[in-house]
Chemist: 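Got a structure for you, questions after.
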Amino acid sequence: MSAPPVATPAALGMRTDYCGTLRASDAGRQVRLCGWVASRREHGEHLAFVDLRDHTGVVQCVVDHAHDVRTEYVIAVAGTVRPRPEGTVNPALATGEVEVGDCQVEILAAADPPPFPVTDRIDADEALRLRHRYVDLRRDRMQANLRMRARVNAAIRTAMDRQGFTEVETPLLWTPTPEGSREFAVPSRRQHGSFYVLPQSPQIAKQLLMVGELDRYYQLARCLRDEDLRADRQFEFTQLDLEASFVGQEDVIGFVSEAVLEADAAATARPRPSMDRITWAEAMDRYGTDKPDLRFGMELVDLGPVLAGTELKALQAASVKALRVPGQGGLGRSRLDALVERAKGLGAKGLVWARVVAGGDGASGGALESPVSRFLSDDEQTGIIAAAGAAPGDLVLAVADEHRRACSVMGQLRLDLGRPPVGEGPPRYVWIVDFPLFDGIGDDGRPEAAHHPFTMPNPEDLPFLESDPLRVRSLAYDLVLDGWELGSGSIRVHRVDMQRRIFAALGIDEEQAQSRFGFLLDAFRFGAPPHGGFALGIDRFVAVLAREENIREVIAFPKTQSGADPMTGAPKALDRQAMAELGIRSGPAPPAR
RNA sequence: GGACCUGUGGUGCAGUUUGGAGUGCACGCCGGCCUGUCAAGCCGGAGGUCGCGGGUUCAAAUCCCGUCAGGUCCGCCA
């Protein structure tokens with residue numbers, strides 16, 4: 001082999017170049033390439049073309065005959081780079097100005113025909129892709145996604161290092177902390193009947209690191225939650241997990257913003273996006289969700305004032321939320337009925353719809369056409385049109401219910417009817433601040449923690465912790481990108497007396513607290529600094545950056561929605577001996593052998 | 001736990017509404033031809049338990065029930 005002029009031999013192994021990198025300027029060079037046969041075109045006895053593919057791209061190799069070489073064979077090609085003959089340049093190919101001629105072909109490994117084409121053009125069946133994920137990963141889409149993910153990780157590490165954070169690993173074999181999501185359990189071989197659990201997140205571990213004077217910690221941490229899967233949820237996922245001492249909410253938001261924008265720049269070519277900020281209450285009110293997609297309008301409208309004295313029972317409730325759907329006044333009855341069903345499925349008692357038509361004598365110059373319009377006074381109709389900012393041709397939807405429900409139902413309908421595809425348009429990062437400390441009242445009559453029980457209440461609202469807990473805001477904050485919840489964080493409680501007060505409000509008694517989080521409370525007795533942090537979901541973040549609707553597309557080996565891995569067959573029964581060693585007796589019998 | 005969508009040669013689909021012979025289309029595969037193609041082209045060939053089980057019917061890919069797998073969503077995800 002002649003010495004490669006560009007990269008060092010050590011870096012390239014048994015090749016001199018990558019396939020996709022050859023250009024006209026390489027003409028005349030002797031090269032040796034390795035890769036997979038992307039396609040083969042034979043032209044009789046003494047001319048054939050082999051498109052050789054590696055992760056950098058494809059280059060055309062001209063060979064004498066290619067009959068013993070098949071698609072997806074792994075081969076090495078030695079030959080000479082030369083300009084393509086006049087008229088045969090392929091502008092669709094990055095290497096299209098050149099080809100490799102006088103080729104010697106060595107078959108490194110034969111291959112069966114692939115179970116599905118190695119091309120983005122064909123949308124292969126999901127189960128088949130996962131069963132042969134190693135083939136699926138060869139496709140441009142997966143290559144691009146995984147490499148983008150690696151760039152995001154690298155950018156995040158750079159940004160965190162720059163901000164003085166220290167990467168620390170925390171245990172995967174953790175201890176049960178009942179509360180929150182279902183945990184994966186790992187039986188102990190040494191103590192039958194006892195279990196480790198896999199961490200839902202390193203939440204408590206990182207707080208202990210703060211007590212341990214690490215000052216600023218981060219980790220690209222694997223988290224595991226045994227909950228049902230969704231397009232944006234897998235059993236195991238990765239978070240940028242971070243925690244810092246002697247900082248406030250603004251500091252943490254700054255740390256995370258820096259890392260996120262660094263990653264955004266590493267993954268995309270767009271200009272540095274801005275980051276907005278709104279309160280939780282405002283997000284719920286205007287968008288009906290705590291993870292608003294700000295890329296489009298269609299904000300929720302409050303019809304309470306307009307309908308304060310209405311005779312229409314369907315719109316009598318604590319809160320009436322409406323939505324203007326521009327230009328959709330022509331929707332057919334079956335489509336409208338489907339919307340009503342959708343609203344009911346989301347928990348609403350019903351959904352009122354009204355087409356805005358020309359006419360009427362209101363200032364807005366429109367009238368409502370609806371099954372219920374005869375129950376609405378003229379003032380109410382013009383009031384609705386004005387409040388919604390509607391014009392003839394629009395559709396107006398309204399739900400009356402308790403405030404939270406009215407907001408959430410209309411918020412979902414807003415997404416159903418207006419949400420752009422993932423990645424479309426300029427990105428809209430938004431910080432959601434001033435979350436409530438408690439989510440609502442549980443069956444036991446006690447408030448339930450909205451975030452986790454170590455979240456610091458907003459000092460301004462402390463006086464109401466016992467008397468009016470639901471009005472207490474917390475120092476908790478979420479980062480949302482285009483309607484995806486990327487992550488959340490908070491300033492933590494670091495004093496034992498305050499933690500006791502919170503536990504008391506939550507109805508967790510001393511004994512329960514000791515058994516669940518005793519080691520954390522112990523640690524706080526030895527001097528805990530004020531601290532706070534954040535956790536950012538890498539899978540979701542990369543999915544949005546890669547314009548993917550499903551995080552499976554940015555994970556090398558994901559699970560199906562039922563939690564199975566079609567490639568390995570996991571989960572599987574253990575054999576009797578392994579079960580006995582772990583002291584496990586229950587469950588279905590392993591298959592007979 | 002629940003709702004909905006999908007399942008047809010190796011792959012992607014049509015056919016299912018309104019039952020009438022597995023007739024189909026494209027890609028791939030195998031063989032042949034072909035000296036400038038590039039998702040090559042031309043000729044020929046092989047390849048099917050219509051996811052599986054049951055029911056209705058003279059007759060089921062098609063209708064009904066159940067079930068499995070994949071997907072989307074609700075519940076769940078401190």
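Just so it is clear: chains get the letters A, B, ... in the order the sequence lines come, proteins before strands, and each one is counted from 1.
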Chemist: Can a donor-acceptor pair be found between the side chains of A/Y287 and A/D293 at a distance below 3.5 Å?
Modeler: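 Checked: A/Y287/A/D293 side chains show no N/O donor-acceptor pair below 3.5 Å.
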Chemist: What is the nucleic acid contact for A/T560, judged by heavy atoms within less than 4.0 Å: base, sugar-phosphate only, or nothing?
Modeler: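 The answer is sugar-phosphate, as A/T560 gets under 4.0 Å only of primed atoms, P, OP1 or OP2.
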Chemist: Across the strands shown, which category fits A/R552 at heavy-atom distances under 4.0 angstrom: base, sugar-phosphate, nothing?
Modeler: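 The answer is sugar-phosphate, as A/R552 gets under 4.0 Å only of primed atoms, P, OP1 or OP2.
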Chemist: Does A/R131 reach a base, just sugar-phosphate, or nothing at all? Heavy atoms under 4.0 Å.
Modeler: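 Since no nucleic acid heavy atom lies under 4.0 Å of A/R131, the category is nothing.
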Chemist: Going by modelled atom types, is there a donor-acceptor pair between the base of B/C73 and the side chain of A/R342 at under 3.5 Å?
Modeler: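 In this structure, the two groups form no donor-acceptor pair.
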Chemist: Which salt bridge (charged side-chain N to carboxylate O under 4.0 Å, His left out) pairs, counting each pair once, include a residue from residues 408-417 of chain A, with sequence neighbours left out?
Modeler: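 Listed by first then second residue: A/R342-A/D416.
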Chemist: Between A/R540 (CZ) and B/C77 (P), how many Å, whole number?
Modeler: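 The answer, rounded to whole Å, is 14 Å.
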Chemist: Determine: side-chain N/O of A/R230 to OP1/OP2 of B/C74, distance under 4.0 Å, yes or no.
Modeler: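 So the side-chain polar atoms of A/R230 do come within 4.0 Å of the phosphate oxygens OP1 or OP2 of B/C74, strictly under.
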Chemist: Would you jot down, in residue-number order, the residues of residues 476-498 of chain A having a non-hydrogen atom under 4.0 Å from RNA chain B?
Modeler: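 Result for residues 476-498 of chain A: none.
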Chemist: Given the C1' atoms of B/G24 and B/U67, what is the spacing between them in whole Å?
Modeler: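 Going atom to atom, C1' in each nucleotide, I get 30 Å.
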Chemist: Figure out the CG/C1' separation between A/D228 and B/U72, and round it to whole Å.
Modeler: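 In whole Å, B/U72 C1' and A/D228 CG are 13 Å from each other.
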Chemist: With sequence neighbours left out, write down each residue that passes side chain to side chain donor-acceptor pair (under 3.5 Å) with A/D565, or none if nothing qualifies.
Modeler: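 Testing A/D565 for side chain to side chain donor-acceptor pair (under 3.5 Å), a comparison that skips the adjacent residues, returns A/T568.
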Chemist: B/C76 C1' sits how many Å from A/F184 CZ, rounded?
Modeler: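 Going from CZ in A/F184 over to C1' in B/C76 covers 13 Å.
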Chemist: Examine the side chains of A/R516 and A/T177 and answer whether a donor and an acceptor come within less than 3.5 Å of each other.
Modeler: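 No, A/T177 and A/R516 have no side-chain donor paired with an acceptor closer than 3.5 Å.
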Chemist: Watson-Crick or G-U wobble partner for B/A46, using a 3.5 Å limit on both distances?
Modeler: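 Here B/A46 is not engaged in any pair, so there is no nucleotide opposite it.
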Chemist: When you check the side-chain N and O atoms of A/T170 and A/Q219, is any donor under 3.5 Å from an acceptor?
Modeler: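 Present: a donor and an acceptor within the cut-off.
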Chemist: Using a 4.0 Å heavy-atom cut-off across all strands, classify A/E99 as base, sugar-phosphate, or nothing.
Modeler: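 If one applies the 4.0 Å heavy-atom cut-off, A/E99 turns out to touch a base.
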Chemist: How would you label the contact of A/A92 with the nucleic acid (heavy atoms, under 4.0 Å): base, sugar-phosphate, or nothing?
Modeler: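 Result for A/A92 = nothing.
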Chemist: Mind listing the residues from residues 36-73 of chain A sitting with a heavy atom below 4.0 Å of RNA chain B? Number order is fine.
Modeler: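 Going residue by residue through residues 36-73 of chain A, the ones with a heavy atom under 4.0 Å of RNA chain B turn out to be A/S39, A/R41, A/E42, A/H43, A/G44, A/L47, A/F49, A/D51, A/Q60, A/H67, A/R70, A/T71.
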Chemist: On a whole-Å scale, what distance lies between the P atoms belonging to B/A14 and B/C5?
Modeler: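 Straight-line distance between the two P atoms is 16 Å.
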Chemist: Mind checking the C1' distance from B/A46 to B/G10? Whole angstroms is fine.
Modeler: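 Between the two C1' atoms, the distance is 12 Å.
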Chemist: What pairs with A/S562 under side chain to side chain donor-acceptor pair (under 3.5 Å), at least two apart in sequence or on another chain?
Modeler: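 Partners of A/S562 under the side chain to side chain donor-acceptor pair (under 3.5 Å) test: A/T560.
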Chemist: Identify which nucleotide among B/C77, B/G1, B/C29 has an atom closest to any side-chain atom of A/P113, counting heavy atoms from C-beta outward.
Modeler: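 Given the options B/C77, B/G1, B/C29, the side chain of A/P113 is closest to B/C29.
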Chemist: Categorize A/N550 for me: base, sugar-phosphate, or nothing, with a 4.0 angstrom heavy-atom threshold over every strand shown.
Modeler: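 Touches sugar-phosphate only.
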Chemist: Write down the distance separating the P atoms in B/G51 and B/U16, rounded off to the nearest Å.
Modeler: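 The answer is 15 Å between these two P atoms.
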Chemist: Counting the atoms with a prime plus P, OP1 and OP2 as sugar-phosphate, which does A/R446 contact under 4.0 Å by heavy atoms, base, sugar-phosphate, or nothing?
Modeler: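 No contact.
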Chemist: Can you measure A/R82 atom CZ to B/G36 atom C1' for me and round it to whole angstrom units?
Modeler: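 Distance check: A/R82 CZ to B/G36 C1' gives 10 Å.
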Chemist: How far apart are the C-alpha atoms of A/L331 and A/L339, what are their side-chain angles, what is the distance that settles it, and do they pass the side chain to side chain contact (heavy atoms under 4.5 Å, CB included) test?
Modeler: CA-CA 10 Å; A/L331 276 188; A/L339 282 177; 4.3 Å; yes
Chemist: For nucleotides 4-14 of chain B, just jot down a letter per nucleotide in 5' to 3' order: B, S or -, based on protein non-hydrogen atoms under 4.0 Å.
Modeler: ------SSS--
Chemist: Could you give the CD-to-C1' distance, from A/E448 to B/C77, as a whole number of Å?
Modeler: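 Nearest whole value for this atom pair: 14 Å.
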Chemist: Please name all residues satisfying ring pair (Phe, Tyr, Trp, His ring centres under 6.0 Å) with A/H55, sequence neighbours left out, ordered by chain then number.
Modeler: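 Residues passing ring pair (Phe, Tyr, Trp, His ring centres under 6.0 Å) with A/H55: A/Y18.
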Chemist: Report the residue (A/H452 or A/V89) whose heavy-atom-nearest nucleotide on RNA chain B is the more 5′ of the two.
Modeler: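 The residue closer to the strand's 5' end, by nearest nucleotide, is A/V89.
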Chemist: Please give, in whole Å, the distance from B/G71 P to A/K559 NZ?
Modeler: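 Distance check: A/K559 NZ to B/G71 P gives 12 Å.
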Chemist: Using the P atom as the point on both nucleotides, what is the distance between B/C43 and B/G28, in whole Å?
Modeler: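 Nearest-Å result for B/G28 against B/C43 at atom P: 14 Å.
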Chemist: CD of A/Q239 versus P of B/C77: gap in Å, rounded?
Modeler: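 Distance check: A/Q239 CD to B/C77 P gives 16 Å.
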Chemist: In whole angstrom, give me the gap between the P atoms of B/A40 and B/C27.
Modeler: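 Rounded to whole Å, the distance is 11 Å.
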Chemist: So which nucleotide does B/C63 pair with, by the Watson-Crick or G-U wobble rule with both distances under 3.5 Å?
Modeler: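 For B/C63, the partner nucleotide comes out as B/G55, under the 3.5 Å rule.
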Chemist: Would you measure the distance from the C1' atom in B/G44 across to the matching atom in B/G12 and give it in whole Å?
Modeler: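 The same atom, C1', in both gives a distance of 24 Å.
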Chemist: Counting only Watson-Crick pairs (N1-N3 plus N6-O4 or O6-N4) and G-U wobbles (N1-O2, O6-N3), all under 3.5 Å, who is the partner of B/C25?
Modeler: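 Answer to the pairing question: B/G12, which forms a Watson-Crick or G-U pair with B/C25.
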Chemist: Determine the interatomic distance between C1' on B/U17 and the same-named atom on B/A60; round to the nearest Å.
Modeler: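 Per the computed distance, 15 Å lies between those C1' atoms.
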Chemist: Using only heavy-atom distances, determine whether the side chains of A/Q200 and A/S181 contain a donor-acceptor pair under 3.5 Å.
Modeler: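 The criterion, which ignores hydrogens and geometry beyond distance, is satisfied for A/S181 and A/Q200.
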Chemist: Applying side chain to side chain donor-acceptor pair (under 3.5 Å), name anything that partners A/D401, two or more places apart in sequence or on another chain.
Modeler: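 Result, side chain to side chain donor-acceptor pair (under 3.5 Å) vs A/D401: A/K349.
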Chemist: Look at the side chain of A/R225 against the base of B/C77 and say whether a donor-acceptor pair falls under 3.5 Å; ignore hydrogens and angles.
Modeler: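 No, no donor-acceptor pair under 3.5 Å.
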Chemist: With a 4.0 Å cut-off on heavy atoms, is A/Q203 in touch with a base, just the backbone sugar-phosphate, or nothing at all?
Modeler: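 The residue A/Q203 makes base contact.
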Chemist: Could you give the CD-to-P distance, from A/E341 to B/C74, as a whole number of Å?
Modeler: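 That distance rounds to 17 Å.
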Chemist: Please name all residues satisfying side chain to side chain contact (heavy atoms under 4.5 Å, CB included) with A/H67, sequence neighbours left out, ordered by chain then number.
Modeler: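 With neighbours one apart ignored, the set is A/R40, A/E42, A/R70.
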Chemist: Within the structure shown, what part of the strands sits under 4.0 Å from A/S562 by heavy-atom distance: base, sugar-phosphate, or nothing?
Modeler: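 Sugar-phosphate, no base atom in range.
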Chemist: Decide, yes or no, whether a salt bridge links A/R547 with A/E424 under the criterion of side-chain N to carboxylate O below 4.0 Å.
Modeler: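 Salt bridge flag = no for A/E424 with A/R547.
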Chemist: Could I get the full list of side chain to side chain donor-acceptor pair (under 3.5 Å) partners for A/H494, not counting sequence neighbours?
Modeler: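 Side chain to side chain donor-acceptor pair (under 3.5 Å) list for A/H494, sorted by chain: empty.
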Chemist: List the residues meeting ring pair (Phe, Tyr, Trp, His ring centres under 6.0 Å) with A/F235, not counting sequence neighbours, and say none if there are none.
Modeler: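 If we apply the ring pair (Phe, Tyr, Trp, His ring centres under 6.0 Å) test to A/F235, skipping adjacent residues, the hits are A/F184.
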Chemist: Keeping to residues at least two apart or across chains, list the salt bridge (charged side-chain N to carboxylate O under 4.0 Å, His left out) pairs with something in residues 472-490 of chain A.
Modeler: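 Salt bridge (charged side-chain N to carboxylate O under 4.0 Å, His left out) check on residues 472-490 of chain A returns A/R295-A/D482, A/D434-A/R473, A/E460-A/R473, A/D461-A/R473.
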